[in-house]
Every structure is written in structure tokens, then in C-alpha cells.
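Both ligands and their constituent atoms are indexed starting at 1 by order of listing.
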Amino acid sequence: MVKLYVNPNIKMGHINSEIYGHFAEHLGRCIYEGIYVGEDSEIPNTNGMRNDVVAALKEMRIPVLRWPGGCFADEYHWKDGIGPKENRKRMVNTHWGGVVEDNSFGTHEFFELCRQLECKTYINGNVGSGTVQEMSEWVEYMTFDGVSPMAELRAKNGHPEPWKVDYFGVGNENWGCGGNMTPEQYALEYRRYQTYVRNYNPEQPILKICGGANVADYEWTRKVLEVTHYHSLKEFHGFMDGLSLHYYTHPEGWEKKGSATDFDEKTWYKTLSKTLFMDTLIKNHGAIMDEFDPDKKIGMIIDEWGTWYTVEPGTNPGFLYQQNTMRDALVAGINLNIFNKHCDRVKMANIAQMVNVLQAVILTEGEKMLLTPTYHVFNMYKYHQDAELLHSKIDTEMIGLEEEYMVPNLHESVSMSKDGKVHVTLNNLSLTDSYDIDGVFVESAVKSVKGTILTNDMKAYNTFENPDNVRPEEFKDYKITDKGISLKIPACSVLHLEIEML
Ligand code: AHR
């Protein structure tokens with residue numbers, strides 16, 4: 001019998017809702033078709049946004065959305081996407097698939113989408129090919145409530161009231177597609193650009209995100225923090241509220257990537273083992289951040305994560321369209337548990353990407369829409385949002401088929417939501433074994449349990465013909481005991497338990 005210990009009396013930190021955030025780039029069919037179809041579309045929409053997609057994202061409680069990129073952000077000139085649509089520039093999306101970008105989804109449309117989703121806004125500005133003036137004017141356009149050229153322009157374009165920008169990213173991947181800069185070079189640019197990301201409304205401050213490292217580039221983190229934390233007259237200037245980190249799971253490495261649906265057991269464990277590397281990355285980058293920011297005022301913002309496979313056969317390689325199996329469900333479950341457990345430092349995370357791109361929660365085809373296994377995990381985990389992380393521990397053993405890619409058989413995180421309910425999310429990484437678990441709740445008694453499970457064959461996925469092939473079901477294989485609960489978790493599964501304490 002495996003032991004799971006939960007202590008409802010030990011709170012380890014607050015889980016920011018934004019950890020469950022999303023990312024939508026002008027890439028492939030994410031924005032166009034996937035979210036925005038235009039007011040004249042036959043697909044049911046509200047002000048151009050697909051009703052089915054918006055409803056599904058609201059159900060999942062999407063807390064924040066990052067836009068417009070990604071690499072696209074450092075090529076995006078926001079003035080191309082405002083004003084009458086017929087006058088907006090048509091251009092080629094050079095980075096992603098060489099297709100026509102007609103700019104019909106721009107700043108106004110983004111805020112309309114977030115209004116419908118009732119989520120926070122995360123805008124990513126252009127450092128790579130933009131100017132300080134351009135960035136500064138965008139912030140003025142979006143947030144200034146007074147007499148100014150940009151506020152006037154916004155009003156002329158139909159929105160007199162300013163919007164709320166919750167987060168603003170100063171560039172994206174500036175070590176790569178965002179300008180191929182050195183850390184010192186970017187950090188100096190960051191200091192200058194962020195100066196003009198003005199907080200026009202002190203009651204609604206914009207939180208500034210500095211562009212962080214790729215995977216294990218610890219040198220980037222250190223150098224950027226050194227340069228931005230210039231010490232003047234005994235005052236430290238961090239100039240940032242968050243520092244980002246990007247880490248994708250490529251089962252077969254960056255070059256080869258590997259198929260989303262056609263893989264073997266070895267690749268299953270390899271993928272999960274590579275996913276677990278996220279924990280090491282957070283610890284190592286976090287340790288460097290601790291040196292500069294011991295009070296953890298700067299959030300680690302993992303604004304791109306998820307699986308990245310070879311595109312679906314027959315699709316545009318620049319569109320990054322991939323299927324989503326039970327393997328992706330486990331990747332999501334593990335990552336989200338890791339983020340919960342590091343909620344003292346990780347303040348936001350945005351899976352890449354929301355619809356039709358990489359590890360999407362939603363896929364669309366014409367008027368059809370399906371929810372992926374990853375969607376179901378986000379929906380099952382949503383109760384962790386804005387909850388308190390609880391002290392928990394599970395006995396694990398290492399399993400796998402190759403020494404290099406062994407993984408723990410079980411993976412968990414536990415929180416208490418505002419209504420006092422305890423939420424356990426538990427992953428069984430084994431493809432063969434179910435486990436009997438004895439859940440011990442320290443100095444507390446369990447009154448009732450509600451369980452939901454996602455389980456299936458490792459390669460199972462949803463298609464437009466069979467959209468409910470992988471879907472959550474009620475979990476009944478548990479008993480309330482003197483000490484807590486006992487349960488049996490099946491192989492290859494993600495479980496959520498909502499527990500009411502006495
Ligand atoms: O999410 C796809 C791309 O991955 C993003 O545009 C970029 O930031 C990253 O390299």
C-alpha cells in the first residue's frame with residue numbers, strides 16, 4: 001500500500017490563478033479560425049469570437065491570456081492592427097508559414113476576447129524590431145485615461161475607456177527570434193524599454209515581465225539579473241515584476257521531435273522524464289533569482305511550456321498543428337503539479353498554445369471543435385487556482401524502460417480552496433500498474449469525496465469523428481477511512497479528488 005500524506009494544517013503558499021494561464025500567438029490556426037472567425041462567419045460568434053471556444057475556455061476558468069507572441073511579438077507593429085479593418089495592412093507572416101496576416105485581430109479584438117473570457121491580459125511588446133516610442137505609445141493607447149494623442153486615437157477607433165493591462169512582456173526570446181541578443185545587451189535594452197512602460201493608473205499597475213532564459217541557460221538568468229539589478233546609492237533596481245522561462249518537452253530532441261500519436265512505451269517514459277526536468281529548471285533558475293531577490297518579489301513566469309512534436313502529416317510545417325493524447329494529459333498534469341509545488345516563486349505559466357497549435361487545449365476544424373486530453377486536465381485542476389498549497393508527500397518508486405529516463409510512478413500536489421475543500425491531483429505515470437493508495441490526512445477527518453478520473457490507452461486521443469474518446473469520468477474506486485481515504489489509481493491516469501473535511 002502506497003502512502004500519501006496530506007497535512008491540511010500546513011499551508012505552503014498561495015497558488016496564483018495565473019499558473020493556469022494560456023498563450024495565443026498569430027501562428028497557424030490559433031488566432032484565425034481557432035478563436036477569431038470574424039463577425040460575418042457562419043460559425044456562431046460574438047463580435048467575431050467563436051462562441052464554442054469561448055464557452056469551453058470559460059468553463060476551464062482561463063485566468064490569463066498572453067498575446068500576440070511568441071516570435072510574432074518581436075515582429076508585430078501594433079498600429080497595423082487598429083482602425084477600420086478594410087484599412088489594416090495585409091502582410092506576410094514571415095515567421096509562421098508565410099501566410100497572409102490581414103491584421104483583422106488586433107488590440108481591440110484582443111481586449112474584446114479577454115472581456116468575453118473574463119480573464120486577465122498579458123501583452124507582449126516588441127523589442128527585437130520595434131522602438132521604445134512604439135512600445136511606449138502602445139501602453140499609452142491601451143491604458144491612458146486623459147488627454148493624449150494615443151488616448152484620442154483609441155477613442156476615435158471606438159473605445160474611449162482605457163483597458164486594463166495586467167502584464168506586459170518586454171520582448172520575447174530575445175536570445176533568439178527576438179533579436180539574437182547577448183544577455184548583457186538584452187538587459188540594457190530591457191532597462192531602457194521598461195522605463196516607458198508607464199503605469200498611468202497607479203491603482204492598476206502593469207506588472208512588467210523581463211525576457212528570461214531558454215531551458216537551462218543559467219548564464220542568461222544570472223547576467224540579466226546582474227545588469228538589471230544595478231546598485232545605485234544603496235538602492236537596488238530590479239525594474240521587473242517577473243522573469244520568464246521557456247521550456248518545451250521534445251521527446252526526441254529539438255531536431256527530430258517525434259510523432260504526437262505514434263510512439264512506443266520507451267518514448268512514453270522518455271517524454272515524462274523530460275517533462276520532470278521542469279522541476280530542476282525551476283530549482284536552478286530559482287536559486288539564481290534567490291541571490292538577487294531573496295524575498296521572492298520577482299515572479300518566475302513560465303510563459304511557454306508544453307509538448308512540441310513533429311506536425312501532423314499533411315499540415316503546413318509552419319503551423320505547428322499536432323494531436324494530443326493521454327501522454328499530453330500526463331505532461332500537463334505533471335507540469336501543473338510542479339508549478340503548484342513551486343508557487344512561492346512561480347507566479348504565472350502559459351501553456352503553448354491555446355487552440356490548434358502545439359499542446360493545445362482545443363482543436364478546431366471548420367465549425368467543429370474538440371477538447372483535448374490536455375483540456376480535461378486543466379479543467380480537473382482548475383480548483384487549485386487561487387488556493388493554498390498544502391503540505392503533501394507520496395511514497396514513490398522509480399519506473400521506466402531505460403536507465404536514463406526513469407520516472408517516479410506517482411506524482412501529486414494538494415491544495416485547499418477558499419471554501420475549505422481539499423483538492424488532490426494525482427498522476428499515475430505507469431503504463432502497466434495500478435496502485436493501492438492509503439491517504440493519510442494528518443489530524444483531520446474526511447467527510448466526503450468527489451473524484452474525477454482521466455484514463456485511457458497511452459496513445460488515445462480525440463478526433464472530430466469521436467470527440468469524447470478521452471474524457472473524464474466519475475471516480476468511485478475509493479473508501480473513506482479512519483485516517484483519510486484509501487483508493488486504487490489505474491495505470492496511465494490523471495485523478496482529481498475534491499475532499500470535504502469534517
Ligand atoms: O510557441 C511557438 C514558439 O516557440 C514561440 O513563438 C516562440 O517564443 C518559441 O520559440
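Looking at Trp305 against ligand 1, nothing comes within 4.0 Å, counting heavy atoms.
Less than 4.0 angstrom separates some heavy atom of Gly70 from each of these atoms of ligand 1: 5 (C), 6 (O), 8 (O). Remark: ligand 1 atoms within the under-4.0 Å shell around heavy atoms of Asn172 are 8 (O). Here is the list of ligand 1 atoms found below 4.0 Å of a heavy atom in Leu358: 1 (O), 2 (C). Each of the following atoms of ligand 1 lies closer than 4.0 Å to a heavy atom of Trp96: 3 (C), 6 (O). Counting atoms of ligand 1 from 1 in the listed order, those under 4.0 Å from a heavy atom of Glu304 are 1 (O), 3 (C), 4 (O), 5 (C), 7 (C), 8 (O), 9 (C). Residue-ligand proximity, Cys71 to ligand 1, at heavy-atom distances under 4.0 Å covers atoms 5 (C), 6 (O), 7 (C), 8 (O). Listed by atom number, the atoms of ligand 1 under 4.0 Å from Glu173 heavy atoms are 7 (C), 8 (O), 9 (C), 10 (O). When each atom of ligand 1 is checked for a heavy atom of Gln353 under 4.0 Å away, the hits are 1 (O), 2 (C).
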Glu18/Tyr122 under side chain to side chain contact (heavy atoms under 4.5 Å, CB included): CA gap, chis, key distance, verdict
CA-CA 10 Å; Glu18 284 88 325; Tyr122 176 5; over 6 Å; no

Given Lys223 and Tyr186, is the side chain to side chain contact (heavy atoms under 4.5 Å, CB included) satisfied, shown in steps?
CA-CA 10 Å; Lys223 286 268 161 57; Tyr186 170 69; over 6 Å; no

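For the pair Arg61 and Tyr20, the NZ or CZ position fails the cation-pi test of under 6.0 Å to the six-membered ring centre and within 45 degrees of the ring normal. Remark: Lys257 is positioned above the aromatic ring of Trp254, its terminal NZ or CZ atom under 6.0 angstrom from the ring centre and at most 45 degrees off the axis.
Of the charged side-chain nitrogens involved, none lies within less than 4.0 Å of a carboxylate oxygen, so that Lys270 and Glu402 do not count as a salt-bridged pair.
Given atom 1 (O) of ligand 1, the protein heavy atom at minimum distance is Tyr248 OH, 2.7 Å.
Of the polar atoms of His246, none of the N or O atoms is found under 3.5 Å from an N or O of ligand 1, judged by distance alone.
When the SG-SG distance for Cys119 and Cys114 is compared with the 2.5 Å cut-off, it comes out at or above that value.
Contact analysis puts Phe23 in contact with ligand 1, with a non-hydrogen atom separation below 4.0 angstrom.
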Result block: side-chain N/O donor-acceptor pairs under 3.5 angstrom for residues 29-38, not counting sequence neighbours:
unit_1 : atom_1 : unit_2 : atom_2 : d
Arg29  : NH1    : Glu33  : OE1    : 3.4
Arg29  : NH1    : Thr364 : O      : 3.0
Arg29  : NH2    : Thr364 : O      : 3.4
Tyr32  : OH     : Glu101 : OE2    : 2.5
Tyr32  : OH     : Ser104 : N      : 3.4
Tyr32  : OH     : Phe105 : N      : 3.2
Tyr36  : OH     : Lys85  : NZ     : 2.3

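In this structure, OH on Tyr461 lies 14.5 Å from OG1 on Thr374, to the nearest 0.5 angstrom.
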